[in-house]
Undergrad: 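Got a structure here, written out as structure tokens. Questions coming.
Remember, it's 1-based here, ligands and their atoms both numbered in the order they're listed. Sequential numbering from 1 along the given sequence is applied to the chain's residues.
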Amino acid sequence: MLKGALIGCGFFSRNHLHAWRQLEGVDIVALCDTDAQRLSAMAAEFDIRRTYASAEQLFAREQLDFVDIATTVRSHRALVEMAAKARVPCICQKPFAPTLEDARAMVAACSSAGVPLMVHENFRWQKPVQAVHRAVREGAIGTPFWGRFSFRSAFDVYQAQPYLAEGQRFILEDLGIHILDVARFLLGDAKVIGSSTQRVNQRIKGEDVATILLSHQAGATSVVDCSYASAREQELFPQTLIEVDGSEGSIRVDAGYRLTVHRLGGGTRIDSCEPPLHAWAERPWFNIQDSVLKIQAHWLECLRHKYEPQTSGRDNLRTLELVESAYSAAGAPRVVR
Ligand code: NAD
Ligand code: 89V
């Protein structure tokens with residue numbers, strides 16, 4: 001039985017705790033939060049007896065196989081460095097760090113302590129994204145040359161996550177980071193060749209629309225477009241729509257988790273890639289919730305077999321580089337005459 005602790009008992013951590021409870025061979029033995037009310041509410045709901053108001057105390061008193069950090073970004077560096085110092089393998093929620101400098105320092109700290117580190121970058125574990133990955137890898141559409149990864153919604157994300165309305169940076173740092181990671185996962189590493197950001201909702205501080213053009217090392221071009229200002233007849237939160245065109249066909253993930261794989265010269269396969277609705281999950285979040293279960297299962301496999309997680313800290317630096325490049329390119333647009 002692997003023994004873990006969770007730091008940060010806020011809105012999203014309930015999904016982590018439900019998923020840990022569903023997985024076999026793992027037990028969350030302790031919780032930590034600086035907010036006493038949240039800590040005791042979560043401890044009662046999940047019947048976890050040992051609670052800590054500070055991470056220092058947690059690391060000093062517990063013998064852990066891993067720690068799961070589900071706090072917001074500003075606290076990540078200090079907590080990951082504490083885990084490295086205590087030689088405790090750690091998972092850290094996204095966004096991994098507010099700057100590349102912090103992210104590189106966190107990766108270095110874990111690497112020199114020999115401590116496994118995974119960023120909780122769960123979107124690539126969503127069922128539709130995994131289905132597209134499988135089809136591309138199996139050669140169903142030949143060599144991919146173009147993609148579009150699109151997340152457009154007007155869902156009120158600020159209600160459950162008020163901090164999203166408060167930062168100078170918003171959609172690229174919070175959501176674009178996931179969609180850029182999906183683009184990397186499906187089409188390989190990339191460079192930003194153009195980017196634009198907009199703020200439509202004037203009641204928030206950061207940008208709520210972002211459009212990024214990517215050039216992938218393997219030759220494909222893709223568009224990543226994200227919006228929380230797009231009211232549409234059918235609200236699709238939190239679905240990512242996907243288009244990938246290849247030399248031998250195309251793949252589409254359309255609204256309602258509809259997967260179409262079409263082969264040049266005939267043969268179209270249409271399937272549902274709707275994720276399961278776990279007993280603890282709810283619509284519309286169930287797609288994200290299932291991916292939490294999947295990434296946590298991956299972490300357990302990695303710990304048991306000593307594999308590097310797919311979204312290790314080292315890997316996530318490349319996603320963070322795309323986020324930073326997208327902000328820079330949006331801030332200094334190049335006009336070609
Ligand atoms: P939240 O503000 O509701 O909860 C964060 C909790 O961490 C709070 O209870 C706070 O008191 C606690 N905390 C902060 N610093 C701490 C410290 N140093 N020690 C102990 N406790 C500390 O935030 P949330 O909405 O639950 O989001 C948490 C993280 O999860 C964010 O980074 C967010 O971007 C991410 N998130 C990820 C997904 C996903 O699909 N991967 C979805 C939603 C949120
Ligand atoms: O998945 C996330 O990181 C969330 C949301 C889907 C609301 O952007 O913050």
Undergrad: If you have a sec, work out which protein heavy atom is nearest atom 7 (C) of ligand 2 and how many Å separate them, to one decimal?
TA: Gln161 OE1, 3.2 Å
Undergrad: Tell me the protein heavy atom at minimum distance from atom 2 (O) of ligand 1, and give that distance in Å.
TA: Arg38 NH1, 3.7 Å
Undergrad: For atom 8 (O) of ligand 2, state which one of Leu164, Ile288, Asp174, Ile179 supplies the nearest heavy atom.
TA: Asp174
Undergrad: Check each of Trp285, Phe96, Phe12 against atom 43 (C) of ligand 1 and report the one with the nearest heavy atom.
TA: Phe12
Undergrad: Would a single hydrophobic cluster contain both Leu79 and Ile91, if residues Ile, Leu, Val, Met, Phe, Trp and Tyr are joined by side-chain heavy-atom contacts under 4.5 Å?
TA: no
Undergrad: Please round to the nearest 0.5 Å and tell me the distance separating atom CE of Met42 and atom CG of Asp33.
TA: 8.0 Å
Undergrad: Tell me, which protein residue and heavy-atom name are nearest atom 32 (O) of ligand 1, and how many Å apart are they?
TA: Lys94 O, 2.8 Å
Undergrad: Using a 4.0 Å cut-off to any heavy atom of Asp35, which atoms of ligand 1 qualify?
TA: 11 (O)
Undergrad: Please write down residue, atom name and distance for the protein heavy atom closest to atom 25 (O) of ligand 1.
TA: Tyr163 OH, 2.7 Å
Undergrad: Please could you name the atoms of ligand 2 that Val157 approaches to less than 4.0 Å, counting only its heavy atoms?
TA: 7 (C)
Undergrad: Tyr228 heavy atoms, cut-off 4.0 Å: which ligand 2 atoms fall inside?
TA: 5 (C), 6 (C), 7 (C), 8 (O)
Undergrad: Which protein non-hydrogen atom lies closest to atom 19 (N) of ligand 1, naming both residue and atom, and how far is it?
TA: Thr34 CG2, 3.8 Å
Undergrad: If we only consider heavy atoms of Phe170, is any one of them less than 4.0 Å away from an atom in ligand 2?
TA: no
Undergrad: So, does Asp65 use its side chain to make a donor-acceptor pair with the main chain of Gly4 at under 3.5 Å?
TA: no
Undergrad: Provide the number and element of each atom of ligand 1 under 4.0 Å from a heavy atom of Phe11.
TA: 3 (O), 25 (O), 26 (O)
Undergrad: Among Arg104, Lys191, Arg184, Arg314, find the residue that satisfies the salt bridge (charged side-chain N to carboxylate O under 4.0 Å, His left out) test when tested with Glu321.
TA: Arg104
Undergrad: Out of Gln93, Glu121, Gln289, Met42, who gets a non-hydrogen atom closest to atom 36 (N) of ligand 1?
TA: Gln93
Undergrad: Using atom types as modelled and distance alone, determine if a side-chain donor or acceptor of Thr99 lies under 3.5 Å from a backbone N or O of Asp102.
TA: yes
Undergrad: Look at atom 12 (C) of ligand 1 and say which protein heavy atom is nearest, naming residue and atom and giving the distance to 0.1 Å.
TA: Asp33 OD2, 3.2 Å
Undergrad: Mind checking whether Pro95 has a heavy atom under 4.0 Å from ligand 1?
TA: yes
Undergrad: Which of these, Gln93, His178, Glu121, has its nearest heavy atom closest to atom 1 (O) of ligand 2?
TA: His178
Undergrad: Within a distance under 4.0 Å of any heavy atom of Ile288, pick out the atoms of ligand 1 and give their elements.
TA: 40 (O)
Undergrad: First locate atom CD of Glu274, then atom CD of Gln239, and finally report the distance between them rounded to the nearest 0.5 Å.
TA: 8.5 Å
Undergrad: Could you tell me which non-hydrogen atom of Phe155 sits nearest to which non-hydrogen atom of Pro284, and how far apart they are?
TA: CE1-CG, 4.0 Å
Undergrad: Kindly compute the distance separating CG (Leu241) from OG (Ser150), expressed to the nearest 0.5 Å.
TA: 5.5 Å
Undergrad: Would you check whether Phe123 reaches within less than 4.0 Å of ligand 2, judged by its heavy atoms?
TA: yes
Undergrad: So, does Ser75 use its side chain to make a donor-acceptor pair with the main chain of Thr71 at under 3.5 Å?
TA: no
Undergrad: Can you sort out which atoms of ligand 1 are near Ser75, meaning under 4.0 Å from one of its heavy atoms?
TA: 15 (N), 18 (N)
Undergrad: So does Pro275 get a backbone contact from the side chain of Asp290, meaning a donor-acceptor N/O pair under 3.5 Å?
TA: no
Undergrad: Given Asp245 and Ser250, is the side-chain hydrogen bond (donor to acceptor under 3.5 Å, both in side chains) satisfied, shown in steps?
TA: CA-CA 4 Å; Asp245 292 349; Ser250 65; 4.6 Å; no
Undergrad: Are there more than 12 heavy atoms of other residues, nucleotides or ligands under 6.0 Å from atom CD of Glu282?
TA: yes
Undergrad: Identify the closest protein heavy atom to atom 44 (C) of ligand 1: which residue and atom is it, and at what distance?
TA: Gln161 NE2, 3.4 Å
Undergrad: Relative to the heavy atoms of Ile7, which atoms of ligand 1 are at a distance of less than 4.0 Å?
TA: 19 (N), 20 (C)
Undergrad: Would Ile295 and Met118 satisfy side chain to side chain contact (heavy atoms under 4.5 Å, CB included), going step by step from the backbone distance to the final call?
TA: CA-CA 10 Å; Ile295 195 172; Met118 180 178 85; 3.6 Å; yes
Undergrad: For ligand 1, is any non-hydrogen atom under 4.0 Å from Asp174's backbone (N, CA, C, O), its side chain (CB onward), both, or neither?
TA: side chain
Undergrad: Ignoring hydrogens and geometry, is there a side-chain-to-backbone donor-acceptor pair from His76 to Pro95 under 3.5 Å?
TA: yes
Undergrad: Write out the residue and atom name of the closest protein heavy atom to atom 3 (O) of ligand 2, then the distance separating them to 0.1 Å.
TA: Lys94 NZ, 2.6 Å
Undergrad: Where the closest heavy atom to atom 31 (C) of ligand 1 is concerned, which of Thr71, Asn122, Leu164 has it?
TA: Thr71
Undergrad: Looking at ligand 1, is there an atom of it that comes within less than 4.0 Å of some heavy atom belonging to Ala70?
TA: yes
Undergrad: Using a 4.0 Å heavy-atom threshold (strictly under), name the region of His178 that reaches ligand 1: side chain, backbone, both or neither.
TA: side chain
Undergrad: Give a yes/no verdict on a cation-pi contact between Arg61 and Tyr52, requiring under 6.0 Å between NZ or CZ and the six-membered ring centre and an angle within 45° of the axis.
TA: no
